Structure formats: structure tokens, C-alpha cells
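Below is one structure, written out as C-alpha cells, with a few remarks after it.
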Amino acid sequence: MAKRRLRSGTVVLGGMGVLAATITSCGSDPDRRCVDPLTQDKLPSYECAGGGSGSSGGSGSYYYGGTSRNGKVTGGSFDKAAVDRGGFGCSGTGGG
């Protein structure tokens with residue numbers, strides 16, 4: 001039985017595909033919702049106008065990750081950096 005040898009180009013291209021899939025899925029932003037920081041109630045997006053966390057535009061702040069049920073949010077954070085991003089090769093869970 002002859003040994004089969006893979007060309008180095010095939011191995012490199014296969015490895016690059018896996019690396020690209022990992023980077024792409026880990027780099028996605030978590031879900032964000034406009035939320036009243038005191039009551040945890042979901043608000044219309046215009047209450048979080050300005051793109052920042054509660055900066056100009058309304059009484060809401062962006063809440064990242066977690067889940068929404070009956071108009072309330074849980075399991076996420078107002079700090080985007082504190083939320084783990086899910087995906088292939090990443091630790092933690094994705095938002096939802």
C-alpha cells in the first residue's frame with residue numbers, strides 16, 4: 001500500500017478556511033436592544049438615539065446579549081465588552 005502525501009498548498013488552504021470561519025463567527029456583534037436602565041423594560045430604538053449607551057436622544061441605554069421576554073430583558077449587559085460572543089470556536093453563548 002502506497003502512502004498518500006498531501007501537498008502543502010492543500011493543507012494550507014484547508015487551514016485558512018477553518019481560520020477564516022472562526023474569525024468571522026467570533027467577530028460578530030452581540031444583539032442589542034434599547035432598554036430602560038432602571039426597569040429593564042424594552043424601549044423603542046429612538047429612545048437610544050445617538051448610538052451610545054444612554055447618550056443623547058432618550059432615556060434608554062443599549063443592552064447587549066441576553067434574552068427578551070414579556071418586554072423585559074435578562075442575561076445580558078449594558079457593557080458591550082462584557083458580553084461573550086458566540087460562534088464556532090468561541091467561548092460563551094450568543095445573544096438572543
Side-chain angles (χ1 to χ4, degrees):
M1 208 178 226
K3 289 185 177 180
R4 185 172 174 194
R5 295 179 64 173
L6 294 175
R7 292 181 179 209
S8 61
T10 304
V11 173
V12 169
L13 288 177
M16 293 299 285
V18 171
L19 179 62
T22 302
I23 291 171
T24 302
S25 62
C26 290
S28 62
D29 286 335
D31 291 341
R32 77 175 183 181
R33 299 167 181 87
C34 187
V35 173
D36 182 311
L38 298 176
T39 65
Q40 305 287 90
D41 289 332
K42 280 180 65 175
L43 299 172
S45 59
Y46 63 81
E47 289 290 337
C48 288
S53 57
S55 61
S56 66
S59 60
S61 295
Y62 282 117
Y63 188 83
Y64 298 93
T67 58
S68 173
R69 186 177 207 165
N70 298 326
K72 298 269 188 186
V73 294
T74 59
S77 174
F78 287 103
D79 180 10
K80 182 178 179 181
V83 179
D84 289 335
R85 293 169 181 88
F88 179 74
C90 300
S91 62
T93 59

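Here the structure is a predicted model, which is why all the values come from computation and not from measurement. Because only heavy atoms are used, hydrogens play no part in the values below, and waters and symmetry mates are left out as well, while side chains stay in.
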*Nearest non-hydrogen partners of C34 and G60, listed with the distance*: SG-CA, 4.1 Å
*Could you pull out the closest heavy-atom pair between V83 and Y64, with the gap in Å?*
CG2-O, 3.4 Å
*asked:* Looking at G76, is its backbone amide N or carbonyl O close enough to the side chain of Y63 to form a donor-acceptor pair, meaning the two atoms are under 3.5 Å apart?
replied: yes
*Looking only at heavy atoms, what is the nearest atom pair of P30 and G65, with distance?*
CB-N, 4.2 Å
*Sub-4.5 Å side-chain heavy-atom contact between Y62 and C48*: yes
_CZ on R33 to OG1 on T67, rounded to 0.5 Å_ = 7.0 Å
_Nearest 0.5 Å, please: how far is NZ in K72 from NZ in K42?_
13.0 Å
*Return yes if some donor-acceptor pair links the side-chain N/O of E47 with the main-chain N/O of S59 below 3.5 Å, else return no.*
yes
*In Å, rounded to the nearest 0.5 Å, how long is the span from CZ of R32 to OG of S45?*
9.0 Å
_Residue pair L43 / D36: nearest heavy atoms and the distance that separates them_ = CD1-N, 3.5 Å
